[in-house]
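Residue numbers start at 1 and run along the sequence shown.
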Amino acid sequence: MQSAFFANRVVEEGVNQIIITAPVQAEDAALVPVTFELVDDNLQYKWMYVFIDANPIPLTATLHFPSNTHHFKLSTRVRLESNSILRVIAETRSGQLLMASVAIKTAGGGCGGGGLSDESALRASAGKMKFKQTADAMTGIKTVALNIKHPMRTGFERTAMGYYAKAWFINRLDLSVDNKPILNADLGPGISADPYFQFDFTTETGYINIEAKDNEGKLYQQTFALN
């Protein structure tokens, strides 16, 4: 994995810079809650990579941060095909690579999914968004939670006819406030169905614009007011 993604680069232990919160034993391999937090305020972060070793496609997400990011916390849900190491690698603006990892046990099968739902119903509801927000009046930090309706089909689900359904998943997510980017992410099918993201950021009131694009080129867009 290191040679494939970080050839000729040193990846250092980053246990003091990265905190991963995840269950030791996942109840549902297709819906595993995880939280990643970058906690060293002396560093500026550029990217964060999430890998799940045992998945058919290990690279689960790549997050791109604005230039002044010193601290970041994200909660989401992922799939696990089997017992696996989950790794987070943070890249600083200076090019330093820091890694933390956790082991998660599971009954497995999270990438194969269950029975496929009605295709027309899935496509009619795909891209619908739910958005919630809270704010700390003392610190100015807002916590937002975003849920996007989408099957995030991996390409490893079998249909009733026995063949594999074509992969169909959101592969890009862009969030901005009044045209200023706050988070950009490249996603893989290792993110669970109906993607969920919760994170903190600091901003004044305004409008948050959310754009999600899937691997078929369909763009889903919605704007919400911040208060």
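Hydrophobic clustering of Ile, Leu, Val, Met, Phe, Trp and Tyr side chains at less than 4.5 Å, counting indirect connections, keeps Leu80 apart from Leu31. The cluster map of Ile, Leu, Val, Met, Phe, Trp and Tyr, joined by side-chain heavy atoms under 4.5 Å apart, puts Leu122 and Met129 in the same cluster. Taking hydrophobic clusters as Ile, Leu, Val, Met, Phe, Trp and Tyr residues chained together by side-chain heavy-atom distances below 4.5 Å, Tyr196 does not share a cluster with Ile20. Placement of Leu187 and Ile57 in two distinct hydrophobic clusters is found when ILVMFWY residues are connected by side-chain heavy-atom separations under 4.5 Å, directly or transitively. The hydrophobic cluster containing Phe131 also contains Phe199, counting ILVMFWY residues as joined when their side-chain heavy atoms lie under 4.5 angstrom apart, directly or transitively.
Put simply, the side chain of Thr143 never gets that close to the backbone of Thr134: no donor and acceptor are under 3.5 Å apart. With hydrogens and angles ignored, the 3.5 Å screen pairs no side-chain donor or acceptor of Asn215 with any backbone N or O of Asn171. The backbone N or O of Cys111 sits less than 3.5 Å from a side-chain atom of Thr154, completing a donor-acceptor pair. For Asn147 (side chain) and Asp194 (main-chain N/O), a donor-acceptor pair under 3.5 Å exists by modelled atom type. Looking at Lys142, its side chain does come within 3.5 Å of a backbone N or O of Asn227 through a donor-acceptor pair. Not a single donor-acceptor pair under 3.5 Å links the side chain of Ser101 to the backbone N or O of Arg87. A donor-acceptor pair under 3.5 Å is formed between the side chain of Asp214 and the backbone N or O of Gly217. The backbone N or O of Pro58 lies less than 3.5 Å from a partner atom in the side chain of Thr60, making a donor-acceptor pair. Judged by distance alone, the side chain of Arg79 and the main-chain N or O of Ser192 form no donor-acceptor pair under 3.5 Å. Here the side chain of Gln96 pairs no donor or acceptor atom with the backbone of Ser94 at under 3.5 angstrom.
Residue pairs satisfying the side-chain hydrogen bond (donor to acceptor under 3.5 Å, both in side chains) criterion with at least one member in residues 13-22, sequence neighbours excluded, are absent.
Taking each heavy atom of Pro66 and Pro181 in turn, the nearest pair found is CG-O, 3.5 Å. The two residues Leu38 and Ala90 make their nearest non-hydrogen contact at CD2-CB, 3.8 Å. A pairwise comparison of heavy atoms in Gly108 and Ala29 identifies O-CB, 3.7 Å as the closest pair. When every heavy atom of Ala54 is checked against every heavy atom of Ser82, the shortest pair comes out as CB-OG, 3.3 Å. Residue Gly155 comes nearest to Tyr164 through the heavy atom pair O-CB, 3.7 Å, listed as atom of the first residue, atom of the second, then distance. Scanning all heavy atoms of the two residues, the minimum distance from Glu157 to Met152 falls at OE2-O, 4.4 Å.
Counting non-hydrogen atoms of neighbouring residues, nucleotides and ligands closer than 6.0 angstrom, the CG atom of Asn179 reaches no more than 12 such neighbours. More than 12 heavy-atom neighbours from other residues, nucleotides or ligands sit within 6.0 angstrom of CD on Gln25.
Centroid-to-centroid, the aromatic rings of Phe72 and Tyr45 stay 6.0 Å apart or farther.
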Verdict with supporting geometry, Arg77 and Val34, side chain to side chain contact (heavy atoms under 4.5 Å, CB included): CA-CA 6 Å; Arg77 299 183 293 228; Val34 292; over 6 Å; no
Residue pair Asp200, Val144: steps toward the side chain to side chain contact (heavy atoms under 4.5 Å, CB included) verdict: CA-CA 6 Å; Asp200 299 339; Val144 301; over 6 Å; no
Side chain to side chain contact (heavy atoms under 4.5 Å, CB included) between Ile148 and Ile170, worked out: CA-CA 9 Å; Ile148 307 173; Ile170 292 173; 3.7 Å; yes
Worked check of salt bridge (charged side-chain N to carboxylate O under 4.0 Å, His left out) between Arg153 and Glu216: CA-CA 12 Å; Arg153 189 177 291 159; Glu216 294 183 352; over 6 Å; no
From CA spacing to verdict: side chain to side chain contact (heavy atoms under 4.5 Å, CB included), Val24, Ile104: CA-CA 5 Å; Val24 175; Ile104 305 175; over 6 Å; no
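Grouped with Val10 in a hydrophobic cluster is no other residue, since no side-chain heavy-atom contact under 4.5 Å to another Ile, Leu, Val, Met, Phe, Trp or Tyr is found. Hydrophobic clustering, defined by side-chain heavy atoms of Ile, Leu, Val, Met, Phe, Trp and Tyr closer than 4.5 Å, groups Tyr49 together with Met1, Phe5, Phe6, Val11, Trp47, Phe51, Leu59, Ile89, Leu97, Met99.
Asn209 and Thr223 form a side-chain donor-acceptor contact under 3.5 Å, judged by distance and modelled atom types alone. Residues Asn184 and Asp174 have side chains that bring a donor and an acceptor to within less than 3.5 angstrom of each other. For Asp186 and His64, the side-chain atoms include at least one donor-acceptor pair closer than 3.5 Å.
Here the side chains of Trp168 and His150 are in contact, with some heavy-atom distance below 4.5 Å. For the pair Ile191/Thr76, a side-chain contact is recorded, criterion being any heavy-atom separation below 4.5 Å from C-beta on. Residues Phe197 and Ser75 are not in side-chain contact: their nearest non-hydrogen atoms beyond the backbone lie 4.5 Å or more apart.
Rounding to the nearest 0.5 Å places CD of Glu211 at 4.0 Å from CD of Gln221. Atom CG of residue Leu74 and atom CD of residue Gln198 lie 9.0 Å apart, to the nearest 0.5 angstrom.
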